[in-house]
Asker: 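Here it is, the structure, as C-alpha cells.
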Amino acid sequence: GLKAEISKVDIGADNKPVVTFKVTDSKGNVLKNADLDANSFRFVLAKVNTDKDSGQTSYEAYTTRVVTGTTYTWYTQTLKSAIQGPVVQATADSGGKVAETATGFTYTFTGTIPANFDKAATTVVGMQTSRNNRADVANATFAFVPAGGTPAIREVVKTESCNQCHDPIKVHGARVEVPYCVLCHSPQSTDANSGNTVDMKVMVHKIHRGANLQNVKAGKPYFINSSGADFSGAAFPQEIRNCTTCHQPGAKNADNWKTQPSRAACGSCHDDIDWATGKSTTG
C-alpha cells in the first residue's frame with residue numbers, strides 16, 4: 001500500500017544533498033506529508049568503494065554517527081563494552097527540510113557530506129517512509145555519479161531471496177529492502193558493546209550460522225547488542241553450503257561468493273581462523 005521512488009539527487013555548494021522523490025499509494029496516487037507518519041523520512045547516502053587489487057566493492061556511508069561504548073546489560077548482567085572508546089557507525093539523516101511539490105517532495109539533509117567527497121564514485125541514496133504507524137512501509141534507492149556518467153550498480157543479494165523465508169523481511173521497524181539495508185551495514189560500522197562488525201556480509205553469514213559457529217561452540221556467544229539480539233542459537237534450515245539459496249541469479253553480483261571470495265566473508269563462518277598462521281584458535 002506504499003511505494004517510494006527517488007528521481008534525482010543534487011549536491012550543492014553547501015554539501016547538503018537534496019533528494020527529489022515521490023510517495024504513492026497502491027493505486028498510484030501521490031501522497032502528501034499529512035498522509036504519512038510524522039517525521040517518517042530517513043535518508044542514507046553512501047559511495048561504492050572498489051579495492052584496487054581485488055576488485056571487491058563495498059559501501060562507505062557519508063551519513064555517520066559516533067557512539068561510545070561504556071557498559072551494557074546482557075540478560076541479567078551488567079558488562080563492560082568490548083570497545084570502550086568512540087565507534088563510528090553508518091546511520092540515517094532525519095529531521096531535514098521537507099518541501100512538498102506538485103509531483104512529490106524534496107528533502108534537504110540536515111548534515112553535510114565531506115567537501116572532498118568523491119564526485120566520480122557511484123553514489124547511492126536510500127530512504128524509508130511509512131504510514132499507519134509503520135503498518136505500511138516503503139524503502140527506495142537511487143544510484144548516481146555526482147560528476148555525471150553511468151553508475152556501477154552493486155547488487156549481491158535481492159530482497160526477494162530473503163523473502164523466501166523472511167516473509168517479508170522487516171528490521172528496525174521500517175527497513176524492508178536489502179539495497180537500503182546494505183548502505184548502513186557496511187564495513188565501517190561496528191557494535192560497540194559486542195565488538196562485532198555489522199557489515200552485512202559478515203553479520204548475515206554469522207546469524208545464519210549461529211549455533212554452529214566455532215566460537216559459539218567454544219562458549220563465546222554471537223550477538224549484536226545494539227539490536228538486543230543473541231543469535232547463538234540460530235541455524236540455517238538446510239545445508240549451509242547452499243550459497244545460491246540467497247545468492248540467486250538475477251542479482252548483478254550474485255556470483256561474488258565464488259568469484260570474489262574475501263577474508264571477511266569466509267571468516268564470518270570460519271570464525272576461529274588465525275589468518276596470520278592459518279590455524280584454528282578454538283582447537
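All figures in this text were calculated on a predicted structure; none of them were measured in a lab.
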Asker: Can you check whether Lys47 reaches Phe117 side chain to side chain, under 4.5 Å on heavy atoms?
Answerer: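 Counting from C-beta outward, Lys47 and Phe117 never come under 4.5 Å.
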Asker: Could you walk me through whether Leu45 and Val124 pass the side-chain contact (heavy atoms from CB on, under 4.5 Å) test, one step at a time?
Answerer: CA-CA 6 Å; Leu45 189 71; Val124 181; over 6 Å; no
Asker: Considering residues, nucleotides and ligands other than Lys97, do more than 12 of their heavy atoms fall under 6.0 Å from its NZ?
Answerer: no
Asker: What distance do Tyr59 atom OH and Gln188 atom CD have between them, rounded to the nearest 0.5 Å?
Answerer: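 Answer for the OH-CD pair, Tyr59 versus Gln188, is 12.5 Å.
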Asker: Hey, does Thr141 have a side-chain heavy atom less than 4.5 Å from the side chain of Val125?
Answerer: no
Asker: Tell me if the centroids of the rings in Phe109 and Tyr107 come within less than 6.0 Å of each other.
Answerer: yes
Asker: Working to the nearest 0.5 Å, report the span between OG of Ser161 and NE2 of His166.
Answerer: 11.0 Å
Asker: Is the backbone of Ser194 close enough, under 3.5 Å, to the side chain of Asp191 for a donor and an acceptor to pair up by distance?
Answerer: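 Here the side-chain-to-backbone pair exists.
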Asker: I'd like to know if the side chain of Ser189 reaches the main chain of Cys184, judged simply by a donor and an acceptor atom lying under 3.5 Å from each other, with no hydrogens or angles considered.
Answerer: yes
Asker: Is there a side-chain contact between Ile11 and Ile113 (heavy atoms, below 4.5 Å)?
Answerer: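 Yes - at least one pair of side-chain heavy atoms lies under 4.5 Å apart.
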Asker: Does a side chain donor of either Thr129 or Ser40 reach within less than 3.5 Å of an acceptor in the other side chain?
Answerer: yes
Asker: Just verifying a value: how many Å separate Asp272 CG and Leu213 CG, rounded to the nearest 0.5 Å?
Answerer: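 It is 9.5 Å, given to the nearest 0.5 Å.
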Asker: I'd like to know if Asp199 pairs up with Lys201 as an ion pair, taking the criterion as any Lys NZ or Arg NE/NH1/NH2 lying under 4.0 Å from an Asp or Glu carboxylate oxygen.
Answerer: yes
Asker: What I'd like to find out is whether the side chain of Thr101 reaches to under 4.5 Å of the side chain of Thr106, using heavy atoms alone.
Answerer: yes
Asker: Looking only at side-chain N and O atoms, does Asp230 offer a donor or acceptor that is under 3.5 Å from a partner on Ser232?
Answerer: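 Side-chain D/A pair, Ser232 to Asp230: present.
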Asker: Any donor-acceptor pair under 3.5 Å linking the side chain of Gln248 with the backbone of Val157?
Answerer: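 Not confirmed, Gln248 side chain does not pair with Val157 backbone.
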Asker: Would you check, one step at a time, whether the test salt bridge (Lys or Arg N to Asp or Glu O under 4.0 Å) holds for Arg131 with Asp136?
Answerer: CA-CA 5 Å; Arg131 66 175 178 171; Asp136 300 312; 3.6 Å; yes
Asker: Checking the side chain of Asp35 only, and the main-chain atoms of Lys32 only, is there a donor and an acceptor separated by less than 3.5 Å?
Answerer: yes
Asker: Please evaluate residues Met127 and Arg42 with respect to the criterion side-chain contact (heavy atoms from CB on, under 4.5 Å), reporting the C-alpha separation (whole Å), side-chain torsions for both, the decisive distance (0.1 Å), and the verdict.
Answerer: CA-CA 5 Å; Met127 69 163 290; Arg42 301 286 187 275; over 6 Å; no
Asker: Is it true that Glu239 and Arg241 have a side-chain N and a carboxylate O under 4.0 angstrom from each other?
Answerer: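 Judged by the 4.0 Å cut-off on N to carboxylate O distance, Glu239 and Arg241 do form a salt bridge.
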Asker: Pairs under 3.5 angstrom only: tabulate donor-acceptor contacts from the side chains of residues 79-92 to other protein residues two or more places apart or in another chain.
Answerer:
{"residue": "Ser81", "atom": "OG", "partner": "Thr70", "partner atom": "N", "Å": "3.1"}
{"residue": "Ser81", "atom": "OG", "partner": "Thr70", "partner atom": "O", "Å": "3.4"}
{"residue": "Ser81", "atom": "OG", "partner": "Asn193", "partner atom": "OD1", "Å": "2.6"}
{"residue": "Gln84", "atom": "NE2", "partner": "Thr70", "partner atom": "O", "Å": "3.2"}
{"residue": "Gln84", "atom": "NE2", "partner": "Ser81", "partner atom": "O", "Å": "2.8"}
{"residue": "Gln89", "atom": "OE1", "partner": "Arg65", "partner atom": "NE", "Å": "3.0"}
{"residue": "Gln89", "atom": "OE1", "partner": "Arg65", "partner atom": "NH2", "Å": "3.0"}
{"residue": "Gln89", "atom": "NE2", "partner": "Thr190", "partner atom": "O", "Å": "2.9"}

Asker: Using only heavy-atom distances, determine whether the side chains of Ser130 and Asp37 contain a donor-acceptor pair under 3.5 Å.
Answerer: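 Indeed, the side chains of Ser130 and Asp37 share at least one donor-acceptor pair under 3.5 Å.
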Asker: Would you name the heavy atoms of Thr64 and Ala61 that are closest together and state the gap between them?
Answerer: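 That would be CG2-O, 3.5 Å.
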Asker: Honestly, is Lys220 close enough over Tyr222, meaning NZ or CZ under 6.0 Å from the six-membered ring centre and within 45° of the axis?
Answerer: no
Asker: Which heavy atom of Val216 sits nearest a heavy atom of Pro221, and at what distance?
Answerer: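 Val216 and Pro221 have their closest heavy atoms at CG2-C, 4.3 Å.
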Asker: Using the rule that two of Ile, Leu, Val, Met, Phe, Trp, Tyr join whenever any of their side-chain heavy atoms come within less than 4.5 Å, decide whether Val176 and Tyr180 are in one cluster.
Answerer: no
Asker: If you look at every heavy atom in Ile169 and Cys162, which pair is closest and at what distance?
Answerer: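 Looking at all heavy atoms of both residues, the closest pair is CD1-CB, 4.1 Å.
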Asker: Determine yes or no for a side-chain-to-main-chain donor-acceptor pair under 3.5 angstrom, with Arg209 supplying the side chain and Ala234 the backbone.
Answerer: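 The answer is no, because no donor-acceptor pair under 3.5 Å joins these two groups.
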Asker: Which atom pair, heavy atoms only, marks the closest approach of Ser268 to His205?
Answerer: OG-CB, 3.1 Å
Asker: Go through the steps for Phe142 and Phe21 under the test ring pair (Phe, Tyr, Trp, His ring centres under 6.0 Å), then give the verdict.
Answerer: CA-CA 10 Å; Phe142 178 79; Phe21 65 102; over 10 Å; no
Asker: Under 4.5 Å between any side-chain heavy atoms of Lys22 and Thr103, yes or no?
Answerer: no
Asker: Check whether any side-chain heavy atom of Thr150 lies under 4.5 Å from a side-chain heavy atom of Val145, and answer yes or no.
Answerer: no
Asker: Donor-acceptor pair, Arg154 side chain versus Thr57 backbone, under 3.5 Å?
Answerer: yes
Asker: For the residue pair Arg134 and Ala174, what are the closest heavy atoms and their distance?
Answerer: NE-CB, 3.9 Å
Asker: Side chains of Asn49 and Glu60: do they bring a donor and an acceptor to under 3.5 Å?
Answerer: yes
Asker: More than 12 non-hydrogen atoms from neighbouring residues, nucleotides or ligands closer than 6.0 Å to CG on Asp14, yes or no?
Answerer: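 Yes.
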Asker: Assess, by modelled atom type and distance only, whether the side chains of Gln56 and Thr50 contain a donor and an acceptor separated by less than 3.5 Å.
Answerer: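 Checked: Gln56/Thr50 side chains show no N/O donor-acceptor pair below 3.5 Å.
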Asker: Whether the side chain of Thr244 engages the backbone of His247 through a donor-acceptor N/O pair (distance < 3.5 Å, no angle test) should be reported.
Answerer: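 Absent.
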Asker: Can you tell me how far the CE atom of Met203 sits from the NE2 atom of His185, to the nearest 0.5 Å?
Answerer: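 Here the rounded value is 4.5 Å.
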Asker: In the structure I gave you, are the side-chain heavy atoms of Thr24 and Leu2 within less than 4.5 Å of one another anywhere?
Answerer: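 No - every pair of side-chain heavy atoms lies 4.5 Å or more apart.
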Asker: Strictly by modelled atom types, are Thr112 and Asn15 linked by a side-chain donor-acceptor pair under 3.5 Å?
Answerer: no
Asker: When you measure from the side chain of Asp93 to the backbone of Thr63, do you find a donor-acceptor pair of N or O atoms at a distance under 3.5 Å?
Answerer: no
Asker: For the atom pair CZ (Phe231) and NE2 (His208), what is the distance rounded to the nearest 0.5 Å?
Answerer: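 Interatomic distance, Phe231 CZ to His208 NE2, rounded to 0.5 Å: 9.5 Å.
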Asker: Say whether Asn29 and Asp25, considering side chains only, have a donor N or O and an acceptor N or O under 3.5 Å apart.
Answerer: yes
Asker: Heavy-atom distance under 4.5 Å between the side chains of Cys246 and Trp257, does that happen here?
Answerer: no
Asker: Looking at Thr159 and Val178, would you say the former's side chain and the latter's main chain have a donor-acceptor pair under 3.5 Å?
Answerer: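 The answer is yes, because a donor-acceptor pair under 3.5 Å joins these two groups.
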Asker: Closest heavy-atom contact between Asn225 and Thr73?
Answerer: OD1-O, 3.6 Å
Asker: Spell out, as yes or no, whether a donor-acceptor pair under 3.5 Å connects the side chain of Asp51 to the backbone of Ser54.
Answerer: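 Yes, Asp51 side chain to Ser54 backbone: donor-acceptor pair under 3.5 Å.
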Asker: Hey, could you give me the CG/CG distance between Asn215 and Asp271, rounded to the nearest 0.5 Å?
Answerer: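 Rounded to the nearest 0.5 Å, the CG-CG separation comes out at 4.0 Å.
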